[in-house]
Amino acid sequence: MSLKIDKEKNENNLTVILSGELDTFTSKELEKSLENELTNVKSLTFDLKDLIYVSSAGIRTFIKNQKIMQKQGSMKLINVQDSVKDLFTMTGLIKMINIEE
Amino acid sequence: MDEIILKPEIRELKTLDKKVTELLEPYDINKSTLMNLKLIIEEIFSNICNYAYPQKDKDDLIKIKMDFCENILKIRMNFIDTGIQFNPLEVKNPKSPNTIDDAQIGGLGISIMKEYADDIQYEYINNKNILTITKNLN
């Protein structure tokens with residue numbers, strides 16, 4: 001299993017659609033993929049509809065991006081699966097990051 | 001009892017995952033339970049890789065023993081390393097942070113492991129860390 005990263009950019013809005021697994025390996029791929037993409041982005045959305053696995057490495061990647069985005073705009077997660085949402089609740093991420101129902 | 005000996009390098013996690021998948025493949029185990037097991041394994045293995053062997057010696061190894069009980073669908077895994085003595089059960093769960101700036105990056109993996117494993121035991125014997133986790137798979 002791996003991670004598929006699709007990006008849709010519309011002016012200052014970037015949507016990143018993640019499918020598969022966000023683990024210690026693929027979170028590095030995601031960070032790399034976003035490295036030069038966030039300049040001028042005001043609104044960053046992660047669509048997690050098909051993301052079935054997240055580990056602490058993945059959570060750290062979301063925290064890192066949240067820290068970047070709170071300086072220049074906003075970030076949110078949408079379509080989070082229940083099992084992933086349970087993990088976000090347990091780790092407290094749910095209080096730090098905007099997770100849209 | 002299955003056993004696998006790996007180098008404490010994060011890429012070896014793929015080898016371990018494969019081994020566990022092969023072991024459990026014949027059984028009808030719920031997908032989300034398997035995902036939780038995978039999560040526990042990733043957190044423990046990456047903790048050992050990241051922190052147990054700061055000196056990086058080519059002889060460093062992690063031994064993992066796996067004991068799967070077919071009748072009651074339960075797996076017990078021993079993670080054995082000769083790195084720095086470390087009892088994850090003594091780590092207090094990081095206080096759930098309220099803001100992003102309070103977010104403690106460390107300790108997250110340990111909290112996840114404690115939450116998703118059904119039982120965790122730790123021993124330090126003959127200079128070896130032995131972490132034993134049990135996960136019910138039914």
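Below, chain A is the first sequence line, B the second, and so on; all start at residue 1.
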Original post:
Hey, which of Leu87(A), Ile94(A), Ile59(A) has the most heavy atom pairs under 4.5 Å with chain B?
Top reply: Leu87(A)
Original post:
Is atom NZ of Lys18(B) surrounded by more than 12 heavy atoms (other residues, nucleotides or ligands) closer than 6.0 Å?
Top reply: no
**OP:** Kindly compute the distance separating CD (Glu115(B)) from CG (Asp86(A)), expressed to the nearest 0.5 Å.
**Re:** 9.0 Å
Subject >> Closest contact, heavy atoms only, Val54(A) versus Leu39(B) >> reply: O-CD1, 3.4 Å
**OP:** Rounded to the nearest 0.5 Å, what's the gap from CG on Asp17(B) to CD on Glu21(A)? Could you check?
**Re:** 8.0 Å
Original post:
Got more than 12 heavy atoms from elsewhere within 6.0 Å of NZ, Lys32(A)?
Top reply: no
Subject >> Heavy-atom neighbours of Lys85(A) NZ exceed 12 at 6.0 Å >> reply: yes
**OP:** For the pair Phe25(A) and Leu13(B), evaluate side chain to side chain contact (heavy atoms under 4.5 Å, CB included) and give the outcome as yes or no after the intermediate values.
**Re:** CA-CA 10 Å; Phe25(A) 306 105; Leu13(B) 177 59; 3.9 Å; yes
Original post:
What do you reckon, is NZ of Lys49(A) surrounded by more than 12 foreign heavy atoms closer than 6.0 Å?
Top reply: no
Subject >> From Glu42(B) atom CD to Ser56(A) atom OG, the distance as rounded to the nearest 0.5 Å >> reply: 6.5 Å
Original post:
Heavy-atom count around Asp82(A) CG within 6.0 Å, excluding the residue itself: above 12?
Top reply: no
Original post:
Hey, what do you get for CD (Glu43(B)) to CG (Asp23(A)), rounding to the nearest 0.5 Å?
Top reply: 10.0 Å
Original post:
Quick check: are there more than 12 heavy atoms from other residues, nucleotides or ligands sitting under 6.0 Å from NZ of Lys19(B)?
Top reply: yes
Subject >> Nearest-0.5 Å distance that lies between atom OG in Ser55(A) and atom CD1 in Ile41(B) >> reply: 12.5 Å
